[in-house]
Amino acid sequence: MTDAGTLPGQPRGAVVTGPATERAVNVLAPNPSAMTLDGTNTWIVSEPDSDLAVVIDPGPLDEGHLRAVVDMAEKAGKRIALTLLTHGHPDHAEGAGRFAEITGTRVRALDPALRLGDEGLAAGDVVTVGGLELRVVPTPGHTADSLCFHLPADRAILTGDTVLGRGTTVVAHPDGRLGDYLDSLRRLRSLTVDDGVHTVLPGHGPVLDDAQGAVEYYLAHRAHRLAQVETAVEDGYRTPAEVVAHVYADVDRSLWPAAELSVRAQLEYLEEHGLI
């Protein structure tokens with residue numbers, strides 16, 4: 001059995017509903033799959049002495065889950081005052097409208113189509129609720145509208161799908177772009193080096209206690225995959241499907257459609273840089 005401490009990012013192990021840091025509590029959605037891992041992590045974030053909380057990524061449109069998020073907050077003596085979205089994929093955002101009805105909150109997101117209320121989110125924004133401070137970090141790449149939220153008081157970053165608690169994420173071409181994603185990973189690495197971020201609170205999978213190690217692993221993994229794709233093209237594998245079958249032969253076939261999105265993004269990147 002592999003020691004979690006030896007894995008990239010030092011995952012804590014099982015994904016559980018409950019506290020992850022002093023200010024962040026996870027409520028695990030009941031939507032496990034090959035793509036969502038154990039399910040979507042819905043985060044309740046608040047100052048310990050405040051009666052106001054922020055929810056990040058309400059998750060799928062599952063009434064039981066949405067009610068469980070509200071119940072978790074209320075048991076801690078907190079009222080949900082705001083809903084934030086890391087990006088618009090349904091497993092993170094589909095329940096946001098219904099959750100806003102239940103809680104009476106606004107929904108803030110980068111994509112105007114996902115917002116409920118006048119305020120969106122943009123680079124450099126600082127969200128403050130009940131003394132809590134969340135700094136908006138633009139991290140396009142997985143999708144064009146992907147954001148992370150830096151929680152400086154806990155030296156943590158809420159990453160949505162930009163960094164997962166297990167495995168690696170998909171660059172969802174054509175909306176996601178590899179060049180953007182690599183820039184986003186470098187931005188996160190800077191937060192780990194310059195701003196002391198050490199904990200990753202991901203959208204799926206376990207909490208990671210070595211944020212820098214996780215991001216470094218992601219950067220190395222992307223460089224390795226890109227080199228593999230470049231070599232595959234040089235060896236005569238031309239279509240995305242052919243490249244996937246060759247490069248991702250060791251990956252479960254059920255994940256090949258998602259892998260093809262990443263391959264398309266990699267091929268586009270290589271073409272743009274004159275490498276193929």
Side-chain angles (χ1 to χ4, degrees), residues 4 9-29 31 36-59 65-66 68-87 91-93 95-96 99 103 105 107-109 121 125-137 139 146-166 188 191-192 195-215:
Q10 296 182 16
R12 290 189 186 174
V15 182
V16 296
T17 291
T21 68
E22 187 177 7
R23 291 166 180 80
V25 175
N26 182 33
V27 183
L28 180 62
N31 62 333
T36 61
L37 305 181
D38 308 85
T40 301
N41 295 330
T42 294
W43 292 100
I44 304 171
V45 190
S46 65
E47 283 296 314
D49 59 354
S50 174
D51 63 352
L52 300 178
V54 175
V55 164
I56 298 172
D57 289 351
H65 173 64
L66 302 179
V69 175
V70 174
D71 289 346
M72 179 71 77
E74 290 181 346
K75 286 177 182 176
K78 299 179 186 294
R79 176 177 66 83
I80 297 167
L82 180 65
T83 302
L84 304 176
L85 297 177
T86 61
H87 65 297
D91 55 312
H92 294 257
F99 191 70
T103 59
T105 60
V107 177
R108 297 182 63 182
L121 293 169
D125 283 353
V126 179
V127 178
T128 55
V129 172
L132 179 76
E133 178 182 298
L134 289 166
R135 300 175 184 173
V136 178
V137 182
T139 51
S146 288
L147 298 170
C148 292
F149 298 100
H150 178 198
L151 178 56
D154 281 351
R155 299 173 63 193
I157 187 92
L158 296 110
T159 55
D161 282 355
T162 299
V163 175
L164 304 177
R166 186 169 65 250
L188 293 180
L191 286 174
T192 70
D195 294 270
V197 168
H198 67 69
T199 302
V200 173
L201 305 175
H204 304 280
V207 172
L208 302 177
D209 287 318
D210 177 15
Q212 185 173 351
V215 175

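Just so it is clear, the structure is predicted and the values come from calculations on it, not from any experiment.
Here the side chains of Pro11 and Arg166 are not in contact, with every heavy-atom distance at 4.5 Å or above. Counting heavy atoms from C-beta on, the side chains of Thr139 and Ser146 come closer than 4.5 Å. Arg108 places a side-chain heavy atom less than 4.5 Å from the side chain of Asp125. Contact of the Leu158 side chain with the Thr86 side chain is not registered, since no non-hydrogen atoms from C-beta on lie closer than 4.5 Å. Proximity of Val200 to Val215: side-chain heavy atoms (C-beta onward) are nowhere separated by under 4.5 Å. Under the 4.5 Å side-chain criterion, counting only non-hydrogen atoms from C-beta, Thr40 is in contact with His92. Side chains of Val127 and Leu121 form a contact here, defined as non-hydrogen atoms less than 4.5 Å apart. For the pair Ile157/Phe149, no side-chain contact is recorded, criterion being any heavy-atom separation below 4.5 Å from C-beta on.
The heavy-atom pair separating Asn41 from Gly205 by the smallest distance is ND2-O, 3.0 Å. Heavy atoms only, all atoms of each residue included: Glu133 and Leu151 are closest at O-CD1, 3.7 Å. Across all their heavy atoms, Ala96 and Leu85 have their closest contact at CB-CD2, 4.2 Å. Residues Cys148 and Leu188 come closest through the heavy atom pair SG-CD2, 4.2 Å.
If you check the side chains of His204 and Asp91, you find a donor sitting under 3.5 Å from an acceptor.
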For Val55 and Trp43, run side-chain contact (heavy atoms from CB on, under 4.5 Å): C-alpha distance rounded to whole Å, both residues' side-chain angles, the deciding distance at 0.1 Å, then the answer. CA-CA 6 Å; Val55 164; Trp43 292 100; over 6 Å; no
Start with the C-alpha gap between Val207 and Leu201, add the side-chain angles, then the distance that decides, and say whether side-chain contact (heavy atoms from CB on, under 4.5 Å) holds. CA-CA 5 Å; Val207 172; Leu201 305 175; 3.9 Å; yes
Check step by step if side-chain contact (heavy atoms from CB on, under 4.5 Å) holds for Leu82 and Leu52. CA-CA 9 Å; Leu82 180 65; Leu52 300 178; over 6 Å; no
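Asp195 is linked by a salt bridge (charged side-chain N to carboxylate O under 4.0 Å, His left out) to nothing, counting only residues two or more places apart in sequence or in another chain.
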Just distance, no hydrogens or angles: give the donor-acceptor pairs under 3.5 Å from side chains in residues 69-79, sequence neighbours left out.
unit_1, atom_1, unit_2, atom_2, d
Lys78, NZ, Ser46, OG, 3.3
Lys78, NZ, Glu47, O, 3.0
Lys78, NZ, Ser50, O, 2.6

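Panel note: side chain Asp38, backbone Val15; no donor-acceptor pair is recorded below 3.5 Å. The backbone N or O of Ala20 sits less than 3.5 Å from a side-chain atom of Arg12, completing a donor-acceptor pair. Side chain of Thr42 to main chain of Pro58: a donor-acceptor pair is present (N/O by atom type, distance under 3.5 Å, no hydrogens or angles). Here the side chain of Thr159 pairs no donor or acceptor atom with the backbone of Thr162 at under 3.5 angstrom. The backbone N or O of Gly196 sits less than 3.5 Å from a side-chain atom of Arg155, completing a donor-acceptor pair.
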